[in-house]
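What follows is a single structure, written as structure tokens, with notes after it.
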Protein chains: 2
Amino acid sequence: MNKGMTAKGRATRQRIIVAAAMLTRDKGAAETTLDDVRAATATSKSQLFHYFPEGRSDILAAVAEYEAGQVLEAQQPHLGDLSTWESWQGWRQAVLDHYTELGQKCPLGSLTTELGKSSPQARSIATSLYDEWEAALVRGVEAVTSDGEEAVRRRARSILAAVQGGVVMLQGTGRTDYLDAALTAAISPLRPVTVSAE
Amino acid sequence: MNKGMTAKGRATRQRIIVAAAMLTRDKGAAETTLDDVRAATATSKSQLFHYFPEGRSDILAAVAEYEAGQVLEAQQPHLGDLSTWESWQGWRQAVLDHYTELGQKCPLGSLTTELGKSSPQARSIATSLYDEWEAALVRGVEAVTSDGEEAVRRRARSILAAVQGGVVMLQGTGRTDYLDAALTAAISPLRPVTVSAE
DNA sequence: ACCAGGATGGACCGCAAGGTCCAAAGAAGT
DNA sequence: ACTTCTTTGGACCTTGCGGTCCATCCTGGT
């Protein structure tokens, strides 16, 4: 891979992706123009098309891939080890903190909603992201419950949906309350029975 | 209101809104052009600007308002009376059916994600929709639990987020499993303790 | 030192799409 | 029937933006 591309070239390419991702988060994919990207990266039109021959759609696809990686990375190391109730709580807090910090800017939203409709490859990126995410949650749910496979899967999906929903509401309203409530409610069935009740 | 507008005029205006809403659901707001709307409604450019002086953004705002109404309407009569566990189940099924039928086409997604970022008035429409929705859920949760106000509110928000999340996942993956799982999990704490356990 | 291939700059093109304008047709009141 | 306001048609303008092209500069290998 990266055939015929010097270190400088690769750096420029990466710079474009990162800047485009930021713009996309800020203004949405639809509002992000090639000129915006050009201005933000101090590059020329020809460079954009040099590194992304398909043009705009090519850049957006790269952004999608990049953002998909970021989404999971922001949840680490928690997402990788959800073996105890405490670790689930840690994960919950990490997600909450991350999106609180991001505020209105949501990578997933732009990708799924805006790109997903037109670009089929962006869709497949989103799908594989969800799959990976779900798999991690399934492992975690398995570790802390004794439910069957089907119940575990449903639980994991409800948690994933809770995150998505909370983020959507955050985007729409600017309030983190929804994400907080949704996350808390979604993982609370995983809490072990309290000792005092025993 | 509707000053200086004949019945015919109002009908045309409405036709434009409905058609634009359909296009927006299908292709997303960003991909919907005035010419598309024109073609779909058999109108002329001048009519578009006659009924929506601000142009495109004006139309999109009207669509937002229209769609917001539809969202709640699709949940009636269930949403209006969530006083029993059975009625909650009925509501859950109604939501599930409705979005299953819509498939990939989501009114909310386009509005919140695409319009919300640029148009402030679209945001306020979304916000008031959420408020109304949440209020209905709060009333329902209150009716079937004995929790305090704060807990009720959090529960309602988690349910609302579950719907949103499920719909996002439906859009992204095409599968209704997520919405199903999320809804089920979100309202299951409202289920009364089973008689057999008593 | 040379050269091939990559990196960069920026002028230029074409078109789609939002928006303007004026004139004609149709309704509604008197 | 006359007038006035609304409705409609569609030509036309403007511009933003994706995309092309070629000339120039730089870098790395021999």
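Naming: A, B, ... by sequence-line order, numbering from 1 per chain. Please read these numbers as outputs of a predicted model, since none were measured by experiment.
The distance between atom CZ of B/Arg10 and atom P of D/dT6, rounded to the nearest whole Å, is 13 Å. Note: CG (A/Asp58) to C1' (D/dG18) measures 13 Å, nearest angstrom. The interatomic distance linking B/Leu48 (CG) with D/dT7 (C1') rounds to 13 Å, in whole Å. Between B/Ile59 atom CD1 and C/dA17 atom P there is a gap of 14 Å when expressed in whole angstrom units. In this structure, CD of A/Glu31 is placed 12 Å from C1' of D/dG16, rounded to the nearest angstrom.
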Provide a list of protein-nucleic acid N or O atom pairs under 3.5 angstrom, restricted to nucleotides 23-30 of chain D.
none

Listed pairs, N/O of protein and of nucleotides 19-23 of chain C, under 3.5 Å:
unit_1 : atom_1 : unit_2  : atom_2 : d
C/dG19 : OP2    : B/Arg56 : N      : 3.0
C/dG19 : N7     : B/Lys45 : NZ     : 3.3
C/dG19 : O6     : B/Lys45 : NZ     : 2.9

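Other residues, nucleotides and ligands place more than 12 heavy atoms under 6.0 Å from the CD atom of B/Gln76.
Nearest to the side chain of A/His50, among C/dT8, D/dT7, D/dT8, sits C/dT8.
For the pair A/Gln47 and C/dT8, the criterion of a side-chain N or O lying under 4.0 Å from OP1 or OP2 is met. For D/dG9, the OP1/OP2 oxygens have no side-chain nitrogen or oxygen of B/Thr43 closer than 4.0 Å.
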Self-check item: A/Thr145 vs A/Arg155, side-chain hydrogen bond (donor to acceptor under 3.5 Å, both in side chains): CA-CA, chis, key distance, verdict
Solution: CA-CA 10 Å; A/Thr145 68; A/Arg155 178 67 62 197; over 6 Å; no
Quiz item: Would A/Asp35 and A/Thr33 satisfy side-chain hydrogen bond (donor to acceptor under 3.5 Å, both in side chains), going step by step from the backbone distance to the final call?
Solution: CA-CA 5 Å; A/Asp35 259 7; A/Thr33 72; 5.7 Å; no
Self-check item: Candidate pair A/Thr184 and B/Arg154, rule side-chain hydrogen bond (donor to acceptor under 3.5 Å, both in side chains), full reasoning
Solution: CA-CA 9 Å; A/Thr184 303; B/Arg154 284 179 68 84; 3.2 Å; yes
Exercise. Determine, step by step, whether A/Ser124 and A/Thr127 satisfy the side-chain hydrogen bond (donor to acceptor under 3.5 Å, both in side chains) criterion, reporting the C-alpha distance in whole Å, the side-chain angles of both residues, the deciding distance to 0.1 Å, and the verdict.
Key: CA-CA 5 Å; A/Ser124 81; A/Thr127 301; over 6 Å; no
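A/Tyr66 has its side chain out of reach of A/Ile125: every pair of non-hydrogen atoms, C-beta onward, lies at least 4.5 Å apart.
Between the OG1 atom of A/Thr173 and the CZ atom of B/Arg123 there is a distance of 7.5 Å, given to the nearest 0.5 Å. A/Tyr178 contributes atom OH, which lies 4.5 Å from atom CE of A/Met169 (distance to the nearest 0.5 angstrom).
Checked for salt-bridge contact, B/Asp36 and B/Lys27 meet the test: a charged N lies under 4.0 Å from a carboxylate O.
Backbone-only contact: B/Tyr51 has heavy atoms under 4.0 Å from sugar-phosphate atoms and none from a base.
Taking the ring centroids of B/Trp88 and B/Trp85, they lie at or beyond the 6.0 Å cut-off.
Position along DNA chain C of the nearest nucleotide to B/Asp35 versus B/Ala7 favours B/Asp35 as the more 5'-ward residue.
Comparing the axis of the opening five pairs of the helix from C/dA1-D/dT30 to C/dT30-D/dA1 with that of the closing five pairs yields an angle of 20°, rounded to 10°.
Taking the centre and axis of the six-membered ring of A/Tyr51, the NZ or CZ atom of A/Arg13 falls outside the cone set by 45° and 6.0 Å.
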